[in-house]
Every structure is written in C-alpha cells, then in structure tokens.
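To keep things clear, I will list the structure first and then write my remarks on it.
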Amino acid sequence: MADPIVYVEQRIAAAFAKVAGAKADGIDTAVRASDRADAQVNGSIALAKAMGLTPRDVATKVLEVADLKDICSDAQVAGPGFINLTFQNEFLARELMSSSASEKLGVRNATKPRKIVIDYSAPNVAKEMHVGHLRSTVIGDALVRMLMFVGNTVVRENHVGDWGTPFGMLIEHLVDLGETHAANELSVGDLDSFYRSARKKFDESEQFQARARARVVLLQGGDAETLRLWKLLVAESTRYFQMIYRTLGVLLEDTDIMGESAYNNLLPQVVERLGKLKMLTTSDGAEVVFAEGFVNRENQPLPLIIRKTDGGYNYATSDLACVIDRVERLDADLLLYVVGAPQAQHLQMVAAVSKQAGWLNSSREMVHVSFGNVLGADKKMLKTRSGETVKLDALLTESVERAAAAVAEKNPELSDVEKAKIARTVGIGAVKYADLSTDRIKDYTFDWDRMLSFDGNTAPYLQYAHARICSIFRRANVERASVRSFEPVISHTAERELAMRVLQFDSALWDTIDKYSPHRLCTYLYELATSFSSFYEQCPVLKAETETERTSRLMLCDLTARVMQTGLGVLGIEAPEQM
RNA sequence: GCCCUUGUAGCUCAGUGGAUAGAGCACCGGACUUCUAAUCCGUUGGUCGUAGGUUCGACUCCUACCAAGGGCGCCA
C-alpha cells in the first residue's frame, strides 16, 4: 500500500460508518486528488439530507472521529462541506520507503488473477502492414504487459487473416508468377503489389475468377498441392510480420499465431452444437442464428450467418469456434478483443450467441477493447485498395532516422553503436507513444509530424527524464540500490509534488487496467515527468546543502526513475540510460 | 431509415458528479561558465456542438436536435 489516497480511504470510510451507521451505505466516501489540498472527500454533502444535518456539520463530525493523526498534518472542512486533507511529510516518506522496498513499486497484485486470452494485431497474410495496423498491435502489447505485471496469466493470440476466399486468387497469382519468383517478390516485403496484382487480375478476368474460385474449393477441401502453395504464402508473410514485430519491440512470436485456418476443424462442430441447442434456423438457404436485439435495414431480425448457402463457413463461424477454443481448451475466463470499432456489432452478436449457447457467462466474459480508425487526409478510413497508405515499415524507419539525427546533434561523443541503439529506442518509442497516449476509442488523422514529434507530451520527453536521473547517478558515482532504503526528508515543494506523483503509480496503473485504456498510464507518466523536470530545475541533488538532503533526493530520483522505467516498460517502451 | 462512436483553446488532445475546465504544439517574452536546454519559467488563447432535464452541484448522467465517422444477410 503506497498510494496515500488509497491508504487514507479506509480511515475515512470507517469514520463515515461511525458517524452515520447504515446511512453511510451507498454513499460515495471516496478520497480524490484535489488542487485545493492533497486530497478531498465529498461524501458529507450527499449524506447531509439523510442525517438531517448540514453538510458542514456532517463533515465536522466525520473529522472528529476520523483517525488521521499519523497520516495528515491538516484536515479541514471547506466550501459547502468538503473535507480537505493534507498529508504529513513523514507519512509520505514512509510510503516512499514502502514503495521503494517493493518489487512492484507499490503496485497491488490482482486480487483474483485471471486467465486472459488477448486477441490482437491480426494482420492479413499477403498484405502489407500499414499505419492502421499499429493500433491493435501496440495497444494489445501494452495490455499484455500490464495484465501480466499485476499477476494475471495472459495468452497472446494473433488471429492473422490466413484463410477465406481471397486465397484462391492469391494462390493462382502465385502459380502464374512461378514459385521462385513469387517467393522472391514476397520476401522483399512488397506484399502490397503482390496483392494488388492478384486483385487486378481477379477484377479484370472472368477466367481468373473461375480459377480462383476453384482454388478456394481445393483449399477448403484440403488438397495437398494447394495447401503446400498456401503454406508458402503464409510462411513468407509470417517472416515479414515477425520482422515488423521485432522492429516494433512487441512480445508477439510466431508461436502466438492462431490464424483463422487454425479453427478449420472446429467449424463443423460449431454448426453441430448450435443445431443441438436448437439455435439454428435456415434462412434463404443459409444456416443462421437470430440473436435477440439485432435488426437489419428493413427492421427484420438480423442473423449471424453460420453456414452460407454454398455450404461454406464465414468469419462468424470461425469467431464462434475461437470462443469455444479459448474457453474450453485454454480455460480462459476473460477474452479480450483488441479490434477496431467497425467490428463492434459483429462482436456483440458473437458474444450474444456465445452466451445463449452457454459458452460465455458472467464468470467467462468477452470484452471488445475497441479502437477508432486511423484516418487519411480526407478524414476517411484508410483503405489499402484506394489511395496511398503509409506503410508501417516506412513510418518506423523514418522515425528512427529522425531520432538518429537528434542524438547525433545532442550527444556527438557517444559511440556509433550507442547512438544507433538510442535512436531505435527513441524513434520507436515516439511512434508507439503517439498512438497509445490518446484515448483508444477516438479516430485520429494520420499526421507525420504528430507521430514523429519529440517535444512536449511524447515518449522522448519521458525517456529524457529517466536519462537525466541515470546521469545524476553516473556523475555521483553512487550505486542506485544503495539509496533505496534511506528514509527521505521532504521539505521543498517540488520534492513533495514529485513524491505525491510517484506514490500514485499504483492507482494510475490500476485505473488503466480497469478501463483497458493505456492513455491513462501515459497521462500519469507525463505528469510524473513534468513533476520531475520541475524538481530538477529547483532542487540540486549532487550539490544539495546537507548530506541528508542529498541522499533524500537521490532516493526520490531512484524511485522516480524506477517508476518511469517500469511504467514505460508496461507500455512496451524502453527507457535508455543516456540520450 | 435504424443502431454505435465522436464533438472541449487556432491545431492535436487530457479531464473520476465537486469549488476557478487543464496540457502539448503554434505565437510572444525570459532562463544554458550549472546534476543533459529532447528542458524550465512566464504571457496570450474557452458560448466544453445546440436546447432542455435530473441534482445541493453537470464537460461528466438523461432526452431531443445538429455535425462528422462507422455499422446494418451470406467478404474478413
């Protein structure tokens, strides 16, 4: 327990219970951060009516019985009936020590760890990854890291698009090009032109269309030669994805790939089981499930199509198979889908059908971690087929190059190896942070300058704060670990603000996890960095006036750096020691 | 037509029913013989889309409307 606000909350709740008894039930006695004091409680106002007292009287009574002697230096009733709390510096110092001594820097573990399957990234085989694919990959990676950090078991699943009708056309194009030539073209990483050529042929030639359709039948029928060609496409694409993932520094591995094709043998079972449950209806020749509450344009019930008129399956079937597999084989109790907002209705229908079928319930749930689109200059969704999209690869390369130029200018004395390493860390960090730092639910318009900015609220700013602290310790020639158990003396306002901020790591991280919203942690880390920068300007560390002051500040610096590094770490961003 | 999401400073965005709505960028003015100036300090900038409602209190909750984006039967 390191966050003073979390700490004091119990004492306040106890005081409310003492004053109001059962009337305090359901009253919000939460303690919140405030600009008027360290923290504020406003439950007295809501409670006043029920008790027949004025809000200020209630607040006064609460303060009379509240046990705050060892925590607060000041507790006052203010305004209409708020309670403003100011923490003792000695209390903050004790909490800092507790945070410093804990391996997780004061962050509480999950009270009930879960087994979580998280579905993210999901690029398409034989298609280039463009800037639109950044979101799922980066948000998913951050969630994986933070969920694991607090003690959950997390299974990563990359649901790549490796099956379905487009593969007829892709395989036929592969045959036309010849395997060697095709493999060569694909390995260069120019997947878009491969896909576009195939598409063009498909659109222009009926003969080619017929071949493509026949090939899909062969593929789904398990024809050995067709499967061999299909695997060739998948293997080349997988290599390309893995190259992007390594550059990006995300945790995804080849072994995390659970493509659409992986569920093939489960698809007949889905139909069978829904049939047994009497959920299937035949409609216009297709096998469908009508989930309650979904209607189409004509206000008729909207079906989830399980088996098409031609006997084939589609993505609804495979998504249901996924649910079954994740619940029954993996025994997951939480399924996260880091998938774009346009899929919202589809996923709602899959969830509704899964609940009706009993695969999901109140203790096994699925959550759509939805995110807005990356828009083009025309404010429309980026589409690979129309208009030029920025390739993810190109964006990352450009960012690293700009970072390299910045490092060369600011730190010319570093070795080339170090410079290159820092440029990668800063360049990649900037791009990831640009995506993670805004609310995932909102669309954003792609903008080079925004993605590649190194000033203000950006990853390099947070990394810089960390690097400065590392620099202090290098100069001082002091081992970081040696100051960790020192009880700091807090006197300066800037020290105090930094201390308060450091102690909020636990709440900030949990708030982020509860809402699956990485931008909340970004906001916190940015505030931590600004608090540190302000402290850095005002409070000399190495030239502190006394030995106690110096060691106190070193202790605070070390803890700040650890929180920054850990916080950036769970966002998937590295914190270099120099930059 | 129905449904979902979004609308906050010139631009990009934070904001947990709580007091006077905050940052960054841009603009303007300061601070490097100093622990890293990728920084700091200050100035300027607001009908929180519009109109009602609930509440002691609304950017936040509810309703209607406006605008933008997305979804709505065999592509994934």
Side-chain angles (χ1 to χ4, degrees), chain A residues 28 30 32-36 40 42 45-46 48-49 55 78-82 84 122 124 161 163-166 260 283-288 293-310 312-316 318-319 340-346 348 370 372-373 375 379-381 403 406-407 409-411 426 430 434 437-439 441-445 447 449-450 453-458 460-461 463-465 467-476 507 511 519-520 522-523 526-527 529-530 533-534 536-544 553 557 578-579:
Chain A
D28 179 17
R32 296 189 175 86
S34 160
D35 353 319
R36 304 292 179 109
Q40 184 169 85
N42 41 52
I45 306 177
K49 239 183 212 170
F82 300 120
N84 285 340
N124 289 312
W163 203 250
T165 45
E260 287 157 4
S283 171
D284 295 342
E287 303 271 9
V288 308
F294 297 92
V295 291
N296 67 11
R297 272 177 237 271
E298 285 76 41
N299 216 26
Q300 303 295 312
L302 179 68
L304 193 63
I305 294 173
I306 308 300
R307 191 161 199 189
K308 299 187 285 180
T309 312
D310 67 6
Y313 307 104
N314 67 3
Y315 79 134
S318 117
D319 281 345
Q343 306 268 3
Q345 191 186 50
H346 166 71
Q348 276 168 24
S370 168
N373 300 303
L375 307 178
K379 301 269 177 194
K380 295 266 169 80
M381 279 175 72
V407 180
E409 184 199 323
K410 292 172 199 298
N411 251 325
V426 170
S437 61
T438 61
D439 194 349
I441 206 69
K442 291 186 179 176
D443 293 348
Y444 71 76
T445 304
D447 176 49
D449 290 336
R450 180 181 158 272
S453 168
F454 297 163
D455 300 320
N457 186 1
T458 63
Y461 177 75
Q463 291 169 324
Y464 185 62
R468 278 174 143 183
I469 296 173
C470 293
S471 175
I472 291 174
F473 280 92
R474 268 198 310 276
R475 296 266 171 174
S507 337
D511 182 41
H519 83 282
R520 288 180 171 266
C522 292
T523 301
Y526 176 65
E527 286 165 350
T530 53
S533 299
S534 180
Y536 184 86
E537 296 288 329
Q538 298 174 62
C539 301
V541 177
L542 300 180
K543 290 179 185 163
R553 288 179 179 173
C557 280
Q578 315 181 51
M579 61 185 279

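Just so it is clear: chains get the letters A, B, ... in the order the sequence lines come, proteins before strands, and each one is counted from 1.
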In whole Å, measure the gap between the [atom1] atoms of [N] and [M] for me.
| N | M | atom1 | result |
| --- | --- | --- | --- |
| B:rC3 | B:rC62 | P | 15 Å |
| B:rU50 | B:rC11 | P | 15 Å |
| B:rA51 | B:rA58 | C1' | 15 Å |
| B:rG46 | B:rC13 | C1' | 15 Å |
| B:rU39 | B:rC59 | P | 34 Å |
| B:rC75 | B:rU12 | P | 39 Å |
| B:rU47 | B:rG10 | P | 7 Å |
| B:rG7 | B:rA14 | P | 8 Å |

Is A:Ser283 side chain donor-acceptor paired with the B:rG73 base, going by distance under 3.5 Å alone?
yes

Indicate whether OP1 or OP2 belonging to [N] is found under 4.0 Å from a side-chain N or O atom of [X].
| X | N | value |
| --- | --- | --- |
| A:Lys308 | B:rG73 | no |
| A:Arg32 | B:rG17 | no |
| A:His519 | B:rG15 | yes |

Side chains of [X] and [Y]: does their closest heavy-atom pair fall under 4.5 Å?
| X | Y | answer |
| --- | --- | --- |
| A:Thr445 | A:Arg450 | no |
| A:Ile469 | A:Tyr536 | no |
| A:Thr438 | A:His519 | no |
| A:Phe82 | A:Ile45 | yes |
| A:Val426 | A:Met579 | yes |
| A:Ile472 | A:Leu542 | yes |
| A:Gln345 | A:Phe294 | yes |

Categorize [X] for me: base, sugar-phosphate, or nothing, with a 4.0 angstrom heavy-atom threshold over every strand shown.
| X | answer |
| --- | --- |
| A:Leu302 | sugar-phosphate |
| A:Asn84 | base |
| A:Thr309 | base |
| A:Asp284 | base |
| A:Ala465 | nothing |
| A:Ala341 | nothing |
| A:Gly79 | base |
| A:Pro303 | base |
| A:Arg307 | nothing |
| A:Gln463 | nothing |

Please give, in whole Å, the distance from [N] [atom2] to [X] [atom1]?
| X | N | atom1 | atom2 | result |
| --- | --- | --- | --- | --- |
| A:Lys379 | B:rG69 | NZ | P | 10 Å |
| A:Asp310 | B:rG73 | CG | P | 17 Å |
| A:Tyr315 | B:rA76 | OH | C1' | 7 Å |
| A:Asn457 | B:rG22 | CG | P | 17 Å |
| A:Lys49 | B:rU54 | NZ | C1' | 12 Å |
| A:Asp35 | B:rU16 | CG | P | 14 Å |
| A:Asp443 | B:rU12 | CG | P | 13 Å |
| A:Ile305 | B:rC72 | CD1 | C1' | 12 Å |

For every nucleotide of nucleotides 31-42 of chain B, 5' to 3': is a protein heavy atom under 4.0 Å from its base (B), only from its sugar-phosphate (S), or from neither (-)?
----BBSBBSS-

Taking only residues two or more places apart in sequence, or in another chain, which ones meet A:Phe473 in a ring pair (Phe, Tyr, Trp, His ring centres under 6.0 Å)?
none

Suppose we screen for ring pair (Phe, Tyr, Trp, His ring centres under 6.0 Å). Which residues come up paired with A:Tyr461, at least two apart in sequence or across chains?
A:Tyr526

Please produce a list of atom pairs where a protein N or O lies less than 3.5 Å from an N or O of nucleotides 3-6 of chain B.
none

Could you work out, with side-chain hydrogen bond (donor to acceptor under 3.5 Å, both in side chains) as the rule, every residue matching A:Gln578, not counting sequence neighbours?
none

Ignoring hydrogens and angles, tell me if any N or O in the side chain of A:Asn84 forms a donor-acceptor pair with the backbone of A:Gln40 under 3.5 Å.
no

A:Arg553 side chain vs A:Pro540 backbone, donor-acceptor pair below 3.5 Å
yes

A:Cys522 side, atom SG; A:Asp439 side, atom CG - distance, nearest 0.5 Å:
11.0 Å

Taken to the nearest 0.5 Å, the spacing of A:Glu287 CD from A:Leu304 CG works out to 13.0 Å

Just label B:rC62 as syn or anti from its O4'-C1'-N9-C4 or O4'-C1'-N1-C2 angle, using within 90° of 0 for syn.
anti

For RNA chain B, the dot-bracket pattern of Watson-Crick and G-U pairs whose distances stay under 3.5 Å, | for other-strand partners:
(((((((..((((....[...))))..((((.......))))......(((((..]....))))))))))))....

Of A:Gln300 and A:Tyr444, whose closest RNA chain B nucleotide lies nearer the 5' terminus?
A:Tyr444

Indicate whether any N or O donor in one side chain lies under 3.5 Å from an N or O acceptor in the other, for A:Gln538 and A:Ser534.
yes

A:Arg450 has a side chain; which of B:rU12, B:rC56, B:rA14 sits nearest to it?
B:rU12

